[in-house]
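The model shown is predicted, which means the values in this text are computed figures rather than measured ones. All heavy atoms count here, side chains included; hydrogens, waters and symmetry mates do not.
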Amino acid sequence: METILVREALRRPPGSPAVRVQGWVRTKRDSKAGFSFIEINDGSCLAGLQIVAEGGLENYASEVLGLGTGCSISAEGPIVASQGRGQAVELRAERIQVLGLADAEAYPLQKKRHSFEFLRRIAHLRARTNTFGAVCRVRNLLSRTVHDFFQERDFYYVHTPLITPMDCEGAGELFRVTTLDLEGLAARGHGGLDFAEDFFGRPTYLTVSGQLEAEALACALGRVYTFGPTFRAENSNTARHLSEFWMVEPEAAFYDLDQDMDLAEGFLKRLIGALLSQAQEDMAFFDQRIQPGIVDTLKQILESDFRRIPYDEAIRLLEASSRSFEYPTAWGHDLQTEHERYLTEEVFQGPVIVYNYPSRIKPFYMYVNDGGETVRAMDVLVPRTGELIGGSQREHRFEVLEERMEEKGVDPEAYGWYLDLRRFGSVPHAGFGLGFERLVQFVTGMTNIRDVIPFPRTPKSAEF
RNA sequence: UCCCCAGUAGCUCAGUUGGCAGAGCAAGUGGCUGUUAACCACUGGGUCGGCGGUUCGAGUCCGUCCUGGGGAGCCA
C-alpha cells in the first residue's frame, strides 16, 4: 500500500483508493455511537488529516479509544468525502496501528494554546505545535531560496571556517576554542597559560563572521556567499539576539556600495516573494494568529522600492523630528534602536537603507569615502526587527586599509593574509551579512528570536 | 551587564487591609447518533520558585538567591 504525507492526502479527491498515513495525534473526539475522529499531523503541512475510526476496527476498544494528544499512529484506508464541516476529505480507517503512546497525564502539550515561554522549556516537543511547525517550514523555504537566489546570480556557495584565530574584528565577544585541561589548570592555580600547548598551538575562537575569508574567495571566484552558523559570546539578553545564529554573507568582487544595496534589496524581495507564493498556508497562519497584517506588509515591501538615505540625512530627519528620544541624536553617534524604529516604522513605514556612516563608528575594513569622514557602509532597517542586514564596500586600497587598522587598534601583523588581498591584484568588492533568524522573525512576526530557531542558545541557556 | 515586571494545580491565571488554597482548560469516570478549541455532569490534583527573617499567624510584608519575561546597551 502507498504511504503518503498528510499534505498529499488532503489533496486527494474523495473516493481515492486506500493509502497509509503516519503521524502524531493532535486531538481525538469520540462519538458514543461507537466511533472516533482522530486528527493527525505529520509536519508536512499545517493542516491535519481527520481519520474516522469505526468501532468495528479490531483494536478499537483495546487501543484506539485510549489514544490521545501526542500518540503516534499509522492509519490505512480510503480517502472519502467528509460528512462533517471543516474538511473536504478524511481517511476512513480500515486499520490503525499504534506506533507510540503518549501518557496524557505526563505529555506536556495539550490541545490548547500554550505560552511561548512554556514551550521554550520543552523545545524538543514544541516542533509538534502549529506555530513551530510553521516556523520550521518557513526556515526551510527561506534556506532553499537563499541558495536559489545566489545560484541564479552566479554566486558560488563557499564554506568558511568556524574556528578562527582572529580575535579582534570588533564584532563582539568570542567563544574560546580550546582543549586545554581547564579543571587541571584551575586546580594548580592560575598563571602559566601556554597556548603553544593548546590544540592549534595558538588561541582560537568560534567565528563571529565568515566575511574575511569570503573576501579571499571572492577575490578569486568573483561572487561567493556563505550560509552557516555564527557565534557571539556577547552577554546580550534581548528578543533579537542569539549566541549561536545563522548568517548569510555574500561577497562580490567588482561590486561597489550601490550594487551591494541593489543586491540586498533584490535578495530580500526574492525571499519574501518565495514565502508569499510557496508558503501560503503557513503565512496565513502567521497573519491570523501571530502578526495580523504581516502578509499585506510583505506584499507592500515586495512592490515598493526601498528608501535609501545617507546617514547625514537620517540624522537630519531625527533632529527635525518633534519626537523626544531617550538618546539624543548627533552626527558621529550610531543610531539607537529607538532611532532606527522611528525611521522605519514612522517616517518611511517600510524598509530603509541607511548608508555612508561616520568612519569612527565602523570597523576597519570598510571603504573610506573622500574626506575620510564617512565609510561606505549600509544597514537595511525594517519595522519591528530593526537591523536586518549590515554590509559595506570593502577597503581595497592597501595603504588606506593599513592606516585604518592602526587607527582602530587592529594589529596588521595578525591580518597579513588579509592585507595580501590588497597587495596582490586588489579589486573593489562589497558584501553584507544577513542574520537568518532576524529574517525569520521579520517575515513571520514572531516577537522573540528564541522562537524562530529550534534549539536556541542564549546566555545561561544551552539546553537540549 | 543595567532598569522594570513576574514566579500559586499538568497549562493559563485570580487570590482584597496578613486570617481555612481558587477558577477555566487539561486529566479520570459517566452521559451524549458525524465531531472538529466538541458538549454536559461528577471526581482526583498544591513544597504558593529556593533559603532566611518579621509576626500569634505569611501565597500576601522584609532580605537574599534562582528562573522567566519586557526594555536598554552590544550587534546580525
Side-chain angles (χ1 to χ4, degrees), chain A residues 26-40 47-55 66 68-70 80-87 90 92 102-122 130 169-173 208-211 229-249 264 289 325-327 333-341 361-363 379-382 385-391 432-442 447-451 453 458-461 463:
Chain A
R26 282 294 178 82
T27 174
K28 177 174 66 79
R29 299 172 288 273
D30 299 321
S31 164
K32 280 299 187 308
F35 57 97
S36 301
F37 300 99
I38 306 167
E39 187 185 328
I40 67 162
L49 176 68
Q50 175 160 288
I51 292 166
V52 180
E54 303 280 358
T69 306
V80 301
S82 178
Q83 295 174 38
R85 273 184 224 119
Q87 60 281 316
E90 61 197 19
R92 184 160 60 225
D103 176 18
E105 296 263 17
Y107 189 59
L109 290 173
Q110 300 169 2
K111 47 184 173 187
K112 56 167 279 193
R113 198 180 154 72
H114 290 290
S115 69
F116 290 131
E117 290 84 353
F118 171 68
L119 292 174
R120 254 169 244 156
R121 277 177 259 141
I122 50 166
N130 286 335
E169 279 175 47
E173 300 290 313
V208 294
S209 163
Q211 179 200 317
T230 301
F231 308 89
R232 305 273 166 95
E234 201 68 37
N235 191 10
S236 296
N237 294 288
T238 80
R240 303 184 307 280
H241 289 86
L242 290 166
S243 307
E244 175 184 283
F245 63 100
W246 290 69
M247 192 149 68
V248 181
E249 296 181 286
R289 297 295 190 84
F325 296 108
E326 193 184 335
Y327 292 85
H333 291 89
D334 213 348
L335 299 180
Q336 303 294 312
T337 298
E338 57 176 345
H339 304 145
E340 294 179 351
R341 293 191 63 157
I361 59 171
K362 290 293 182 183
D379 286 348
V380 180
L381 311 178
V382 295
T385 311
E387 185 180 342
L388 191 57
I389 287 178
F432 63 76
L434 168 131
F436 189 68
E437 282 72 22
R438 291 234 179 126
L439 169 72
V440 179
Q441 253 191 300
F442 175 59
T447 53
N448 197 311
I449 201 165
R450 293 164 193 146
D451 299 328
I453 188 168
T458 54
K460 298 277 182 293
S461 174
E463 259 192 279

Which nucleotide wins on minimum distance to the side chain of [X], given the candidates [options]?
X         : options                   : answer
Arg438(A) : rA76(B), rG70(B), rU12(B) : rA76(B)
Asn237(A) : rA72(B), rG34(B), rC74(B) : rA72(B)
Phe35(A)  : rC25(B), rG70(B), rG34(B) : rG34(B)
Glu117(A) : rA27(B), rA76(B), rG69(B) : rG69(B)
Gln83(A)  : rG34(B), rC74(B), rG70(B) : rG34(B)
Ser82(A)  : rC75(B), rG34(B), rC25(B) : rG34(B)
Glu105(A) : rG34(B), rC75(B), rA27(B) : rA27(B)

Would you measure the distance from the [atom1] atom in [N] across to the matching atom in [M] and give it in whole Å?
N       : M       : atom1 : value
rG45(B) : rG22(B) : P     : 13 Å
rU8(B)  : rU12(B) : C1'   : 12 Å
rG15(B) : rU55(B) : P     : 28 Å
rA72(B) : rA58(B) : P     : 41 Å
rC4(B)  : rG73(B) : C1'   : 15 Å
rA14(B) : rG71(B) : C1'   : 27 Å
rU54(B) : rG68(B) : C1'   : 28 Å
rG31(B) : rU35(B) : C1'   : 16 Å

Main chain of [Y], side chain of [X]: is a donor-acceptor contact present, judged purely on distance under 3.5 Å?
X         : Y         : value
Glu437(A) : Trp246(A) : yes
His241(A) : Asn235(A) : no
Glu338(A) : Glu326(A) : yes

Given atom [atom1] of [X] and atom [atom2] of [N], what is their separation to the nearest angstrom?
X         : N       : atom1 : atom2 : value
Lys111(A) : rC25(B) : NZ    : C1'   : 11 Å
Gln336(A) : rC75(B) : CD    : C1'   : 12 Å
Asn448(A) : rG71(B) : CG    : P     : 9 Å
Lys460(A) : rC65(B) : NZ    : C1'   : 14 Å
Glu463(A) : rU67(B) : CD    : P     : 12 Å
Tyr327(A) : rC74(B) : OH    : P     : 8 Å
Lys28(A)  : rG34(B) : NZ    : P     : 14 Å
Asp30(A)  : rG28(B) : CG    : C1'   : 14 Å

Report yes if a donor N or O on one partner sits less than 3.5 Å from an acceptor N or O on the other, where the partners are the side chain of [X] and the base of [N]; otherwise report no.
X         : N       : result
Glu39(A)  : rU35(B) : no
His114(A) : rC11(B) : no
Glu90(A)  : rG34(B) : yes
Arg240(A) : rA76(B) : no
Ser236(A) : rC74(B) : yes

[Y] side chain reached by [X] side chain, heavy atoms, under 4.5 Å:
X         : Y         : result
Phe231(A) : Val208(A) : no
Glu54(A)  : Arg92(A)  : yes
Leu109(A) : Ile122(A) : yes

Looking at [X], does any N or O in its side chain come under 4.0 Å of the phosphate oxygens OP1/OP2 on [N]?
X         : N       : value
Thr385(A) : rA76(B) : no
Arg120(A) : rG69(B) : yes
Arg29(A)  : rA37(B) : no
Ser115(A) : rU12(B) : yes
Gln110(A) : rG10(B) : no
Arg450(A) : rG69(B) : yes
Lys112(A) : rG10(B) : no
Thr27(A)  : rA37(B) : no

Residue mapping more 5' on RNA chain B - nearest nucleotide basis, Gly390(A) or Thr238(A) | Thr238(A)

Starting at the 5' end of RNA chain B, which residue's closest nucleotide do you reach first, Thr447(A) or His241(A)?
-> Thr447(A)

If we ignore angles and hydrogens, is there a donor and acceptor under 3.5 Å between the side chains of [X] and [Y]?
X         : Y         : answer
Gln50(A)  : Arg29(A)  : yes
Gln110(A) : Thr69(A)  : no
Asn130(A) : Arg289(A) : no
Ser82(A)  : Gln87(A)  : yes

For Phe245(A) and rA76(B), say yes or no: do the ring centres fall under 5.5 Å of each other while the ring planes differ by less than 30°?
-> yes

Regarding [X], tell me which of base, sugar-phosphate or nothing describes its non-hydrogen contacts under 4.0 Å with the strands shown.
X         : value
Ile389(A) : sugar-phosphate
Glu326(A) : nothing
Leu109(A) : nothing
Phe37(A)  : base

Centroid-to-centroid, Phe325(A) to His339(A), below 6.0 Å?
-> yes

Does RNA chain B take part in any stems of at least 3 consecutive Watson-Crick or G-U pairs (both distances under 3.5 Å), and if so, which ones?
-> B:1-7 with B:66-72, B:10-13 with B:22-25, B:27-31 with B:39-43, B:49-53 with B:61-65

